Amino acid sequence: MSNTETSITSARASVMIYDDTNKKWLPSGTSSGLSRVHIYHNIQNNSFRVVGRKIQDHEVVINCAILKNLKYNQATPIFHQWRENRQVYGLNFSSKDEADAFAHTMMKVIDLL
Ligand SMILES: CC[C@@H]1C=C[C@H]2CCN(C(=O)[C@@H]3CC[C@H]4C=C[C@]5(CCCN5C(=O)[C@H](Cc5ccccc5Cl)NC(C)=O)C(=O)N43)[C@@H]2C(=O)N1CC(=O)O
């Protein structure tokens with residue numbers, strides 16, 4: 001993360017990607033487990049992205065831009081998802097409170113893009 005980016009929210013979640021071929025969710029990265037997922041604001045170009053790193057070994061398991069027509073789907077109180085290009089991402093939050101806080105910021109970001 002460059003120093004022109006600030007974290008505007010973060011949450012603990014397991015980051016999943018959808019395997020469209022086998023129609024199932026897979027953990028993003030080399031193993032399943034909790035990550036610290038941030039929304040970073042790049043103040044130089046006023047852009048935003050979701051970056052998540054595994055809590056255990058800091059592997060980056062998600063790094064995706066938040067673009068203006070992103071549809072953020074809160075499928076359940078703790079499982080939220082969205083599509084980017086051909087990839088579907090899922091965040092399985094460790095608590096409803098963290099899911100709510102993350103979603104609140106995500107929706108505000110989408111609104112201002
Ligand atoms: C981590 C396990 C996981 C936990 C929670 C539940 C919650 C529901 N759920 C799903 O996978 C639901 C069930 C049907 C399936 C069918 C298709 C999927 C998969 C791919 C995307 N999708 C869409 O429905 C997207 C959503 C969307 C709407 C609007 C904007 C963006 C998006 Cl992404 N709709 C379009 C039109 O793209 C999907 O989410 N699906 C999860 C789930 O069962 N499990 C348990 C397991 O898998 O064992």
Side-chain angles (χ1 to χ4, degrees):
M1 183 206 92
S2 60
N3 60 7
T4 57
E5 287 185 296
T6 55
S7 173
I8 58 174
T9 192
S10 83
R12 279 168 306 162
S14 64
V15 181
M16 318 289 290
I17 48 174
Y18 191 68
D19 171 356
D20 212 51
T21 311
N22 300 308
K23 300 283 179 242
K24 65 181 183 144
W25 292 97
L26 300 172
S28 181
T30 49
S31 69
S32 56
L34 276 183
S35 291
R36 171 64 55 189
V37 184
H38 295 263
I39 295 178
Y40 284 131
H41 179 204
N42 182 316
I43 44 189
Q44 259 173 342
N45 60 19
N46 196 29
S47 65
F48 298 84
R49 61 180 175 143
V50 178
V51 178
R53 297 180 191 84
K54 294 293 285 300
I55 287 169
Q56 196 201 353
D57 60 10
H58 310 141
E59 179 190 12
V60 176
V61 292
I62 184 169
N63 176 9
C64 90
I66 302 175
L67 302 177
K68 75 179 171 68
N69 47 15
L70 189 151
K71 284 190 190 57
Y72 186 74
N73 185 51
Q74 301 183 43
T76 76
I78 61 161
F79 187 84
H80 301 174
Q81 57 189 162
W82 69 94
R83 287 185 297 270
E84 194 201 33
N85 304 327
R86 308 280 306 143
Q87 188 67 270
V88 180
Y89 292 104
L91 298 180
N92 221 358
F93 292 92
S94 53
S95 78
K96 186 183 170 331
D97 289 354
E98 297 205 61
D100 289 350
F102 190 90
H104 180 76
T105 302
M106 174 63 91
M107 308 299 272
K108 268 190 350 192
V109 165
I110 294 168
D111 268 355
L112 63 82
L113 287 174

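Order of listing sets the numbers, starting from 1, for every ligand and every atom in it. Just so it is clear, the structure is predicted and the values come from calculations on it, not from any experiment. Below, all heavy atoms of this structure are taken into account, side chains as well, without hydrogens, waters or symmetry copies.
Protein heavy atoms are found inside the 4.0 Å sphere centred on atom 47 (O) of ligand 1. Counting only heavy atoms, the protein never gets under 4.0 Å from atom 17 (C) of ligand 1. For atom 14 (C) of ligand 1, the nearest protein heavy atom lies 4.0 Å or farther away. Within 4.0 Å of atom 31 (C) of ligand 1, at least one protein heavy atom is present.
By the rule that hydrophobic residues join a cluster once side-chain heavy atoms approach within less than 4.5 Å of another member, Ile8 and Val50 end up as members of one cluster. The cluster map of Ile, Leu, Val, Met, Phe, Trp and Tyr, joined by side-chain heavy atoms under 4.5 Å apart, puts Leu91 and Tyr89 in the same cluster.
With hydrogens and angles left out, the side-chain atoms of Asn46 and His41 include a donor and acceptor closer than 3.5 Å.
Closest heavy-atom approach to atom 21 (C) of ligand 1 among the candidates Val88, Thr76, Asp20, Asn92: Val88. Which of Trp25, Tyr89, Trp82, Tyr72 comes nearest to atom 11 (O) of ligand 1 through a heavy atom is settled by distance: it is Trp25.
To the nearest 0.5 Å, the span separating OH on Tyr72 from CE on Met107 amounts to 8.5 Å. Between atom CD of residue Glu59 and atom OG of residue Ser31 there is a gap of 6.5 Å, rounded to the nearest 0.5 Å. To the nearest 0.5 Å, the span separating CZ on Phe79 from OG on Ser14 amounts to 8.0 Å.
Near Tyr18, with a cut-off below 4.0 Å to any heavy atom, the atoms of ligand 1 are 19 (C), 20 (C). Set against the non-hydrogen atoms of Phe79, the atoms of ligand 1 under 4.0 Å away are 1 (C), 4 (C), 5 (C), 7 (C). Atoms of ligand 1 lying under 4.0 Å from any heavy atom of Lys71, numbered from 1 in the order shown and given with element: 30 (C), 31 (C).
Taking the side chain as every heavy atom from C-beta outward, Arg12 and Arg36 approach each other to under 4.5 Å. Residues Trp82 and Val88 have side chains not in contact (no heavy-atom distance under 4.5 Å, counting atoms from C-beta outward).
Counting protein heavy atoms only, atom 39 (O) of ligand 1 is closest to Gln81 NE2, 2.7 Å. Nearest protein heavy-atom contact of atom 8 (C) of ligand 1 is Ala75 CB, 4.2 Å. What sits closest to atom 36 (C) of ligand 1 on the protein, heavy atoms only, is Arg83 NH1, 3.5 Å.
Considering backbone and side-chain N/O of Asn73, none are found under 3.5 Å from N/O of ligand 1.
Heavy atoms of Lys24 come nearer than 4.0 angstrom to ligand 1 in no pair at all.
Ring orientation note: the planes of Phe102 and Phe93 are tilted relative to one another, at an angle of 30° to 60°.
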